[in-house]
Amino acid sequence: MRSIFYLLDSAPYGSEKAYGVLNAAAVSIKMDATLGLYADGVYLALAGQNSSLLDVPNLSDILYAYPELRVLAHEPSLVERGLLSRGLVERVELLDEEDFVKLALAADDLIAL
Amino acid sequence: MRSIFYLLDSAPYGSEKAYGVLNAAAVSIKMDATLGLYADGVYLALAGQNSSLLDVPNLSDILYAYPELRVLAHEPSLVERGLLSRGLVERVELLDEEDFVKLALAADDLIAL
Amino acid sequence: MKTLTIILTDGPYISQYADMAYKIASRALNVFQVNIFLYLDAVHIPKSGQNPSQFKNSGRLFQELADRGAVVRACARCAAARGYLAEEDGSCPDYLQGIKITSLYDLAEMLEKSDRVIAL
Amino acid sequence: MKTLTIILTDGPYISQYADMAYKIASRALNVFQVNIFLYLDAVHIPKSGQNPSQFKNSGRLFQELADRGAVVRACARCAAARGYLAEEDGSCPDYLQGIKITSLYDLAEMLEKSDRVIAL
Amino acid sequence: MANRDIFLLTNPPQSKRAELCLRLMEHSEDPVLYLAGDGVYNLLDEALMREWPGKVMACNEDLEARGLQAGEGVRVPEDFYQLLVEEMVAEGSRIYSF
Amino acid sequence: MANRDIFLLTNPPQSKRAELCLRLMEHSEDPVLYLAGDGVYNLLDEALMREWPGKVMACNEDLEARGLQAGEGVRVPEDFYQLLVEEMVAEGSRIYSF
């Protein structure tokens with residue numbers, strides 16, 4: 001089965017990139033699809049998102065809607081942003097630098113939008 | 001006279017931002033217009049640009065076409081990018097952190113596109 | 001009345017800036033003359049026929065601002081490159097009504113007459 | 001023949017990516033089946049009527065790729081939001097000929113059948 | 001409120017824009033920081049926020065969307081943009097957006 | 001050329017994309033770096049370029065536009081994109097773009 005690693009490195013809500021990457025990952029779940037949160041992309045891992053006042057889709061809900069999707073976060077990026085001590089979305093697996101890079105390299109395709 | 005400080009913080013050619021900021025500064029020369037190169041914007045200061053093969057306008061030529069425009073570069077940004085030892089466009093004045101920030105604050109309008 | 005000019009460079013939906021500009025402008029209209037200059041990708045904002053399923057319709061928000069008295073103008077060079085051609089009076093068949101295409105020199109004029117400027 | 005899929009997310013002129021994709025695709029067409037998926041702001045690339053004064057016409061470059069056999073498709077959600085509405089056959093009156101609007105599921109299908117994928 | 005410098009920050013921490021914004025603030029005599037969009041992620045830097053007690057405003061809808069809360073000393077106005085406009089219209093104020 | 005990993009970098013130094021690209025390269029057994037667009041600014045880091053002798057290709061039109069020259073050990077092919085496509089079509093190659 002073809003494996004795809006989607007890399008998200010921009011913050012959710014400020015730009016459409018996160019929504020775009022999530023939708024692309026969601027339609028890819030018949031393949032072996034992984035979403036890797038890196039740099040500002042790790043903000044997507046923050047628990048308690050409620051976008052109703054902003055009147056846009058809740059992006060962390062999309063993670064729960066597709067349990068087939070493996071969701072990884074680059075731990076050094078979380079640390080740099082002070083997120084490690086915060087409540088995080090349970091779906092997200094933390095990976096150290098080495099493992100994150102290895103998985104990104106191992107997939108058939110690495111797609112950074 | 002109204003003074004405007006245009007801040008360019010993205011690299012030329014890769015995006016239209018530099019061209020856009022230059023054009024906006026060029027139409028503003030009846031006012032007291034300054035172009036401040038900061039972060040990746042300092043790449044615009046590199047001498048010897050020749051965009052004919054890329055088939056887009058030569059952006060450093062625009063600097064020479066508008067001598068009324070004051071062009072500043074943030075020296076720490078140049079240092080970080082290894083540009084201080086390179087040939088630079090003569091039009092560009094180097095400013096240290098303190099002076100750059102002071103001039104940016106002093107203008108009536110600071111426009112970062 | 002003071003004048004506020006807002007400069008936008010992003011198109012609709014790709015970022016929050018069009019929405020933010022709307023929120024600022026819609027409140028500012030009570031106390032400012034509001035100018036909005038659509039530059040670079042922002043010339044896509046007034047395109048007619050937008051039909052977002054999950055977001056607010058940016059085109060309609062900006063048309064509302066124009067209806068309420070904001071001067072909304074798009075850069076002619078950026079618009080022509082992207083396929084929005086101006087009629088002689090600056091209107092554009094692809095654009096929502098009330099939003100015109102104009103030369104970049106109009107931005108300079110807006111700035112000269114503005115008390116506050118925000119670039120988003 | 002191997003298949004190459006190129007995914008674009010920027011509109012024309014705002015960045016070099018449309019030009020780069022053209023340069024890659026135009027050479028790749030000799031040795032690959034080439035798919036191009038226009039996502040997010042890239043759905044603006046096939047708009048008709050583009051008239052850049054200083055840059056190469058992105059729309060025409062992509063139409064040339066389609067004429068030469070590249071499959072060029074635009075995301076339906078992104079396109080509808082931005083005012084490009086598809087006819088039943090996926091064509092769009094605002095688009096240059098040969099470039100169609102399609103569901104994001106077609107991206108997944110393109111990827112499944114691709115040997116190489118480049119996102120720009 | 002005379003000569004107040006309003007800094008509207010819409011970019012996340014560690015971005016060049018956020019860095020420059022904060023450096024300009026340090027050179028301002030009467031700064032106030034308005035955080036909107038991805039700018040609200042700057043609230044995660046609690047030490048930074050403590051440097052500017054009472055001087056930081058955050059946009060409620062942007063906070064909630066991103067799962068953030070405002071810490072002590074940070075104001076979350078009911079209508080963030082209304083307050084921003086009121087400060088902007090005040091005589092002598094300046095607006096800087098990053 | 002079997003199992004060659006092609007890294008196409010279009011982002012400038014210090015960007016998160018450039019950093020990640022270079023880290024992935026270090027984990028690759030047979031990497032080659034293609035610099036195009038603002039990626040060519042990475043040539044300014046001469047130490048970095050010396051790490052990958054013969055493994056770095058730069059796009060001529062992007063170099064010239066930006067006023068850059070390729071240093072020693074960096075190849076500037078006559079048709080950068082043609083060479084890129086030839087490497088991509090080779091059996092076992094992979095392409096990573098940043």
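Note on naming: letters A, B, ... go to the chains in the order of the sequence lines (proteins, then strands), and numbering restarts at 1 for each one.
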[X] atom [atom1], over 12 foreign heavy atoms within 6.0 Å:
{"X": "B:Glu90", "atom1": "CD", "result": "no"}
{"X": "B:Arg91", "atom1": "CZ", "result": "yes"}
{"X": "B:Lys30", "atom1": "NZ", "result": "no"}

Working to the nearest 0.5 angstrom, can you tell me the gap between B:Asn23 CG and C:Tyr39 OH?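 If I round to the nearest 0.5 Å, the distance is 4.5 Å.
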
Would you give the length of the straight line joining atom CG of C:Asp41 to atom CD of B:Glu16, rounded to the nearest 0.5 angstrom?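 Rounded to the nearest 0.5 Å, the CG-CD separation comes out at 7.0 Å.
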
What are the two closest heavy atoms between B:Leu113 and C:Ala119, and how far apart are they?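 In terms of heavy atoms, the two residues are closest at CD2-CB, 4.1 Å.
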
B:Ile29 versus chain C, the contacting section by heavy-atom distance below 4.5 Å: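 Neither part, no heavy atoms under 4.5 Å.
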
Less than 4.5 Å to any heavy atom of chain C: does that hold for the side chain of B:Ala24, its backbone, both, or neither?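 For B:Ala24, heavy atoms of backbone and side chain both lie under 4.5 Å from chain C.
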
For chain B, which residues of residues 88-117 of chain C have at least one non-hydrogen atom nearer than 4.5 Å to it?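 Under the 4.5 Å heavy-atom cut-off, C:Leu104, C:Tyr105, C:Leu107, C:Ala108, C:Leu111, C:Glu112, C:Ser114, C:Asp115, C:Arg116, C:Val117 qualify.
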
